[in-house]
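Quantities reported herein were computed from a predicted structural model and do not represent experimental measurements. All values below come from the heavy atoms of this structure, side chains included, with hydrogens, waters and symmetry mates left out.
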Amino acid sequence: MKIENVELRRVRLPLVSPFRTSFGSVSEREALLVHVTTADAEGWAECAAEAEPLYSSEFLDGCELVIRDHLTPRLAAAGNRLTAERVEPALAAVKGHRMSKAALETAILDAQLRASGVSFGGYLGAVNDLVPAGVSVGIMDSIDRLLAAVEGYLDEGYLRIKLKIEPGWDLGPVRAVRERFGPDVLLQVDANTAYTLADARHLARLDPFDLLLIEQPLPEDDMLGHAALAKLIQTPVCLDESIESARDAAAAITLGACSIINVKPSRVGGYLEARRIHDVAAAHGVPVWCGGMLETGIGRAANVALAGLPDFVLPGDTSASSRYYAQDLTEPFVLEDGHLRVPTGPGIGVEVLPDVLHELTVSRSDIRF
């Protein structure tokens, strides 16, 4: 497959409500889209990096630069021998920048699968037509607002509630949600690295609330700290930011640093590495689930396909489009009894809406091959 053009397009979508984590609050989603054109097909992908390097070291301006100046020249050198499976080795000389690499690999894979008439789910090995959907609830200004939001999501049919937490916003919100909605609600928390091992005694106070897991409580580079914490609390520890590869997953499992893994394809370099993480976890009996980065329908379609693999046994952050956007870039993903349907069309299985794309675009550039 020979690439003819790579289009880099920045879009800006307002969120239906501000979303706050321990990193900060956002009211809109600015995304970098990668649109690959070949002689036989087109492919789309979404770079999950944020405008500022807060969740990870990558950020949108940096991603656009590294794709344009360092990654696409290496893909061009591959000529017509390029396939999605060859993207990773072709870009290996460039250290890091997994989100940028993931966007290119995904767009090329989308074009490759569209040309051959194969769906993302079919290619990755999905075994489920529907995947259970959870929802991530940001940090709120008050407990009353939190309870109203959770009630609304449960009424919509979401099968799992994830509460963002940070020091000062943890025990009270969790207790309030558990007391209001009862023990049968699947409930978990996400700290986004906001604590240290010195907080272990405090985090152990979450144990009585029977949480599914606590996600990434400590800094991403503190694997040993997570292993120690897992011995000090009863709530299962799940790793997110710490897992950037299948090798990281294997190390974390061996060390006892986690008993559950959140797989985010963008963070690990793409869906091929995400599938390898799934396979490593499955071989060790460790369940996984698919995390989210406020993706538009482009990124959500591929995530839902990944979540159809057999070891994705916990509801992920694969929420309906309406959770974040009044108008998505694709036809919206809609809940069906708490589940999202895995697209079955070629590639990611959804089409970008051209009028909406035009309206939400803030910049674009082409890289001709």
Side-chain angles (χ1 to χ4, degrees), residues 1-7 33-48 63 66-67 70-127 243-250 263-283 288 290 298-299 301-312 342-350 367 369:
M1 182 172 66
K2 181 171 176 55
I3 297 175
E4 297 178 346
N5 187 71
V6 173
E7 175 193 1
L33 305 181
V34 177
H35 178 210
V36 168
T37 303
T38 74
D40 302 313
E42 299 179 2
W44 286 90
E46 177 176 348
C47 182
C63 290
V66 79
I67 289 173
H70 299 283
L71 301 184
T72 53
R74 286 171 167 80
L75 295 183
N80 58 9
R81 296 177 290 106
L82 186 66
T83 65
E85 295 80 6
R86 292 175 177 170
V87 169
E88 180 184 2
L91 302 180
V94 177
K95 305 300 182 184
H97 299 285
R98 288 178 173 85
M99 291 184 177
S100 301
K101 293 176 179 179
L104 278 172
E105 181 188 90
T106 303
I108 291 168
L109 181 58
D110 184 34
Q112 181 175 313
L113 296 178
R114 287 177 188 267
S116 59
V118 176
S119 71
F120 240 66
Y123 172 84
L124 293 173
V127 297
I243 306 300
E244 294 187 336
S245 66
R247 185 181 296 112
D248 288 342
V263 181
K264 285 181 179 171
S266 58
R267 190 193 62 239
V268 305
Y271 289 85
L272 303 186
E273 186 68 14
R275 182 172 59 183
R276 286 190 281 268
I277 293 173
H278 164 275
D279 294 346
V280 167
V288 300
C290 186
I298 295 172
N303 282 355
V304 171
L306 178 71
L309 271 64
D311 199 43
F312 283 87
V342 177
T344 57
I348 61 173
V350 297
I367 304 169
F369 275 58

Quiz item: CZ of R74 to NZ of K101: how many Å apart, nearest 0.5 Å?
Solution: 9.0 Å

Exercise. Given side chain to side chain contact (heavy atoms under 4.5 Å, CB included), test E46 with T106 step by step and report yes or no.
Key: CA-CA 8 Å; E46 177 176 348; T106 303; over 6 Å; no

Exercise. Write down the atom of P265, the atom of L306, and the distance for their closest heavy-atom approach.
Key: CG-CD2, 3.5 Å

Quiz item: Salt bridge between R275 and D279, side-chain N to carboxylate O under 4.0 Å?
Solution: no

Practice problem: Drop me the distance from D40's CG to M1's CE, to the nearest 0.5 angstrom. | Solution: 9.0 Å

Practice problem: Write down the atom of L75, the atom of A90, and the distance for their closest heavy-atom approach. | Solution: CD2-CB, 4.3 Å

Quiz item: Which atom pair, heavy atoms only, marks the closest approach of A249 to I277?
Solution: CB-CG2, 4.1 Å

Self-check item: Interatomic distance, H70 atom NE2 to H97 atom NE2 [nearest 0.5 angstrom]
Solution: 7.5 Å

Quiz prompt | Rounded distance [0.5 Å steps], CD1 in I3 versus CD1 in I108 | solution = 3.5 Å

Self-check item: Short side-chain to backbone donor-acceptor contact, T37 and E42, under 3.5 Å
Solution: no

Self-check item: Closest non-hydrogen atom pair between D110 and G43, with its separation
Solution: OD2-CA, 3.3 Å

Quiz item: Considering residues at least two apart in sequence or located in another chain, which fulfil the side-chain contact (heavy atoms from CB on, under 4.5 Å) criterion with A305?
Solution: F120, V342

Quiz item: Under the side chain to side chain contact (heavy atoms under 4.5 Å, CB included) criterion, do H278 and V263 qualify, and how do the steps go?
Solution: CA-CA 8 Å; H278 164 275; V263 181; 5.7 Å; no

Quiz item: For L309 and A126, which heavy atoms make the closest approach, and how far apart are they?
Solution: CD1-N, 3.7 Å

Quiz item: Taking atom CG of L71 and atom CG of L104, what is their separation to the nearest 0.5 Å?
Solution: 5.5 Å

Exercise. Tell me, with the steps shown, if W44 and V350 meet side chain to side chain contact (heavy atoms under 4.5 Å, CB included).
Key: CA-CA 10 Å; W44 286 90; V350 297; over 6 Å; no

Quiz item: Are any of the side-chain nitrogens in R276 or E88 under 4.0 Å away from the carboxylate oxygens of its partner?
Solution: yes

Quiz item: For L109 and L113, what are the C-alpha separation, side-chain angles and deciding distance, and is it a side chain to side chain contact (heavy atoms under 4.5 Å, CB included)?
Solution: CA-CA 6 Å; L109 181 58; L113 296 178; 3.9 Å; yes

Quiz item: What are the two closest non-hydrogen atoms of C290 and A307, and how far apart are they?
Solution: CB-CB, 4.2 Å

Quiz item: So how far is it from L82 CG to Q112 CD, rounded to the nearest 0.5 Å?
Solution: 8.5 Å

